[in-house]
Amino acid sequence: MRERKGKRLCLFLAIAALLFCYGAVSACGGSNLHKYADSISELREHLFAAETADYKITAISGTREDPYVLDGASNGKRDFTVLTVTPAAFAADKTYRYRAEINGTVYEGDLMPHPFAPSLSVDIPAAATQSFSVTVSDGAEHDLTLQSVVTGDNIGAEKALTIALDKLKNELKRFRSKGKLHAEIYVRLMENPIDGNGGYFWYVAFVGADKDTVAVLLKSDTGAVSATRF
């Protein structure tokens with residue numbers, strides 16, 4: 001009797017382990033993000049935005065190669081959040097500063113003006129995964145809370161990469177040798193790069209050693225292909 005109970009317990013534990021792996025693929029090493037982790041030079045999966053009458057602020061966040069080099073290989077990576085601040089009335093003679101709290105740590109300093117656009121930006125060495133506060137100082141202080149633009153209607157980075165690998169499987173053969181992919185990968189969630197109709201897209205690119213690039217642009221809500229580059 002004890003032996004039968006012991007066998008049933010072992011069977012139950014084995015089934016539970018399989019179900020856990022099925023429901024949390026990455027934890028068991030089966031996701032494509034995990035499989036290709038060493039080749040991913042940028043994973044930009046968080047987008048934030050806030051706007052008042054005085055300022056519009058957007059932020060992109062994730063991990064990326066440092067230094068950033070398009071050479072077909074992915075090396076050391078770091079967390080990042082890039083703030084882009086657009087004043088309603090930009091004044092070139094003003095000093096703009098920022099204060100942001102990300103994951104409980106405060107970052108502050110000067111905002112750097114864009115060379116060709118009426119905006120400013122800063123690269124913060126931390127990855128924001130949830131809403132966070134930003135204060136912009138221009139002589140007065142302006143407090144904003146950046147909220148994620150990602151909703152449950154959007155596919156995630158894992159799904160975007162999986163779709164790209166499938167849609168580009170024939171083109172990616174030129175990067176494969178002995179079963180290994182010899183290219184660096186960029187997975188980016190971004191604002192609509194096609195027209196002014198709003199919405200968000202996933203850009204997934206594979207770059208070889210000679211900067212040969214294969215890429216796909218996917219609608220973030222459906223995963224449908226909007227454009228390809230071979």
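- More than 12 heavy-atom neighbours from other residues, nucleotides or ligands sit within 6.0 angstrom of CE on M190.
- In this structure, E101 contributes its side chain and V134 its backbone to no donor-acceptor pair below 3.5 Å.
- Using cut-offs of 30° and 60° for the angle between ring planes, the F48 and H46 rings count as parallel.
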Going by atom type alone, with no hydrogens or angles, which donor-acceptor pairs under 3.5 Å involve a side-chain atom of residues 90-100 and a protein atom two or more places apart or on another chain?
from: Y96; atom 1: OH; to: A91; atom 2: N; distance (Å): 3.1
from: R97; atom 1: NH1; to: D110; atom 2: OD1; distance (Å): 2.7

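- Taking CD1 from I60 and CG from L189, the interatomic distance works out to 10.0 Å, rounded to the nearest 0.5 Å.
- One side chain, T162 or N32, offers a donor N or O that lies under 3.5 Å from an acceptor on the other.
- Between K77 and D66 there is no salt bridge, since no side-chain N of the basic residue sits under 4.0 Å from a carboxylate O of the acidic one.
- Using a 4.5 Å cut-off on side-chain heavy atoms (C-beta onward), L146 and L83 make contact.
- Placement of V82 and I124 in two distinct hydrophobic clusters is found when ILVMFWY residues are connected by side-chain heavy-atom separations under 4.5 Å, directly or transitively.
- For H182 and F175, the gap between ring centers reaches or exceeds 6.0 Å.
- Salt-bridge check for K180 with D38: failed, with every basic side-chain N at 4.0 Å or more from each acidic carboxylate O.
- In terms of the side-chain hydrogen bond (donor to acceptor under 3.5 Å, both in side chains) criterion, residue partners of E42 (sequence neighbours excluded) are, by chain and number, R44, Y68, R188.
- A chain of hydrophobic side-chain contacts below 4.5 Å, direct or via other Ile, Leu, Val, Met, Phe, Trp or Tyr residues, connects F206 to I163.
- Sparse packing is recorded around NZ of K219, with 12 or fewer heavy atoms of other residues, nucleotides or ligands lying under 6.0 Å away.
- Side chain of S220 to main chain of Y200: a donor-acceptor pair is present (N/O by atom type, distance under 3.5 Å, no hydrogens or angles).
- Between L144 and S133 there is no side-chain heavy-atom pair separated by less than 4.5 Å.
- The closest donor-acceptor contact from the side chain of T151 to the backbone of D153 lies under 3.5 Å.
- Here S61 pairs with T81 under the side-chain hydrogen bond (donor to acceptor under 3.5 Å, both in side chains) rule; sequence neighbours left out.
- The line from NZ of K35 to CG of L165 is 8.0 Å long, rounded to the nearest 0.5 Å.
- Side chains of E184 and S74: no donor on one and acceptor on the other come within 3.5 Å.
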